[in-house]
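Just the heavy atoms: all of them, side chains too, but no hydrogens, waters or symmetry mates, feed the values below. The chain is numbered in sequence order, starting from 1. Keep in mind the model is a prediction, meaning the values are calculated, not measured.
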Amino acid sequence: QVQLVESGGGLVQPGGSLRLSCAASGVIFSTRVMYWYRQAPGKQREYVAAIFSNGGIHYPDSVKGRFTISRDNAKSTVYLQMNSLKPEDTAVYYCNTFTVVSGSRNDYWGQGTQVTVSP
């Protein structure tokens, strides 16, 4: 079974930094595209970052220049370094990947880690 476990969230002041981690098991990690999403109360889940198996990265404009995604294949872990945090970054942050078996896509999510940015 695929398991994703996020950690590193917490309370931080605007302008502060946090580093989130997501430890993966049950997949061949080095071959997977890994994603970060977030969901704030009353809002839909929002894409935050992606890192591909070749190390390529992608961010939406909302976090570009502030967030950095990285991976350590030896540890089967993906990270999200968040700098210059803003109150609007407050959300539960989720790690995601997916598998395709016999043409069927299955998405996997961790339990999430709370990030709160407050003065």
(request) Specify the closest pair of heavy atoms between T99 and V27, including all atoms of both residues, with the distance to one decimal. (result) CG2-CG1, 4.4 Å
(request) Determine, step by step, whether Y35 and H58 satisfy the side-chain hydrogen bond (donor to acceptor under 3.5 Å, both in side chains) criterion, reporting the C-alpha distance in whole Å, the side-chain angles of both residues, the deciding distance to 0.1 Å, and the verdict. (result) CA-CA 9 Å; Y35 305 86; H58 181 266; over 6 Å; no
(message) Tell me whether Q39 at atom CD has more than 12 heavy atoms from other residues, nucleotides or ligands lying less than 6.0 Å away.
(response) yes
(request) Return the minimal non-hydrogen interatomic distance between L4 and A24, and the atom names on each side. (result) CD2-CB, 3.5 Å
(request) Spell out, yes or no, whether V63 and M34 are grouped together once hydrophobic residues are joined by side-chain heavy atoms under 4.5 Å, including indirect joins. (result) yes
(request) Tell me whether V92 is reachable from L20 by hopping between hydrophobic residues (I, L, V, M, F, W, Y) whose side-chain heavy atoms are closer than 4.5 Å. (result) no
(request) Work out which heavy atom in L11 is nearest to a heavy atom in S118; give both atom names and the distance. (result) CD1-CB, 4.1 Å
(request) Go through I69 and F67 one step at a time and tell me if the side chain to side chain contact (heavy atoms under 4.5 Å, CB included) criterion holds. (result) CA-CA 7 Å; I69 190 171; F67 290 11; over 6 Å; no
(request) Among residues two or more places apart or on two chains, list those pairs meeting side-chain hydrogen bond (donor to acceptor under 3.5 Å, both in side chains) that have a residue in residues 77-86. (result) S17-N83, Q81-N83
(request) Without swapping roles, check the side chain of T113 against the backbone of G9 for a donor-acceptor pair under 3.5 Å. (result) yes
(request) Please check if the side chain of S104 supplies one atom and the backbone of V101 the other of a donor-acceptor pair under 3.5 Å. (result) no
(message) Can you tell me how far apart OH (Y59) and CD1 (I51) are? Round to the nearest 0.5 Å.
(response) 7.0 Å
(request) Indicate yes or no: at least one non-hydrogen side-chain atom of T116 is less than 4.5 angstrom from one of V12. (result) no
(message) Quick check for you: to the nearest 0.5 Å, what is the distance between Q3 atom CD and Y108 atom OH?
(response) 11.5 Å
(request) Write down the atom of I57, the atom of F52, and the distance for their closest heavy-atom approach. (result) N-CD1, 4.1 Å
(request) List the atom of A91, the atom of A40, and the distance in Å for their closest heavy-atom pair. (result) CB-N, 3.8 Å
(message) Once rounded to the nearest 0.5 Å, what's the spacing between atom OG of S70 and atom CG of L80?
(response) 8.5 Å
(message) Are R71 and S76 packed together at the side-chain level, in the sense that at least one heavy-atom pair is separated by less than 4.5 angstrom?
(response) no
(message) Would you compute the distance between atom CZ of R19 and atom OG of S7 and round it to the nearest 0.5 angstrom?
(response) 10.0 Å
(message) Taking CG in D61 as the centre, count heavy atoms belonging to other residues, nucleotides or ligands within less than 6.0 Å. Is the count above 12?
(response) no
(message) Just checking Q114: does its CD atom have more than 12 heavy atoms from other residues, nucleotides or ligands closer to it than 6.0 angstrom?
(response) yes
(message) Are W109 and Y37 an aromatic pair, judged by ring center distance below 6.0 Å?
(response) yes
(message) Tell me if a side-chain donor or acceptor on E6 pairs with a main-chain N or O of S21 at a distance below 3.5 Å.
(response) no
(message) For a 4.5 angstrom cut-off between non-hydrogen side-chain atoms, does T31 reach F29?
(response) no
(request) May I ask you to test the P119-P14 pair for a side-chain heavy-atom distance under 4.5 Å? (result) yes
(message) For W36, is there any backbone N or O sitting under 3.5 Å from a side-chain donor or acceptor partner on N96?
(response) no
(request) Heavy atoms only: give me the nearest V48-P60 pair and the separation to one decimal. (result) O-CD, 2.8 Å
(request) Could you tell me whether E88 atom CD has more than 12 heavy atoms of other residues or ligands within 6.0 Å of it? (result) yes
(message) With a 6.0 Å cut-off (strictly less than), is the heavy-atom count around CD1 of I28, excluding the residue itself, greater than 12?
(response) no
(request) Answer yes or no for R105 and F98: cation-pi contact, defined as NZ/CZ to six-membered ring centre under 6.0 Å and angle to ring axis within 45°. (result) yes
(message) For the backbone of V33 and the side chain of T97, can you confirm whether one donor and one acceptor N or O come within less than 3.5 Å of each other?
(response) yes
(request) Would you check if the side chain of R38 reaches a backbone N or O of V115 as a donor-acceptor pair within less than 3.5 Å? (result) no
(request) Please determine if R45 forms a cation-pi arrangement with Y94, meaning its NZ or CZ atom is less than 6.0 Å from the six-membered ring centre and no more than 45° off the ring axis. (result) yes
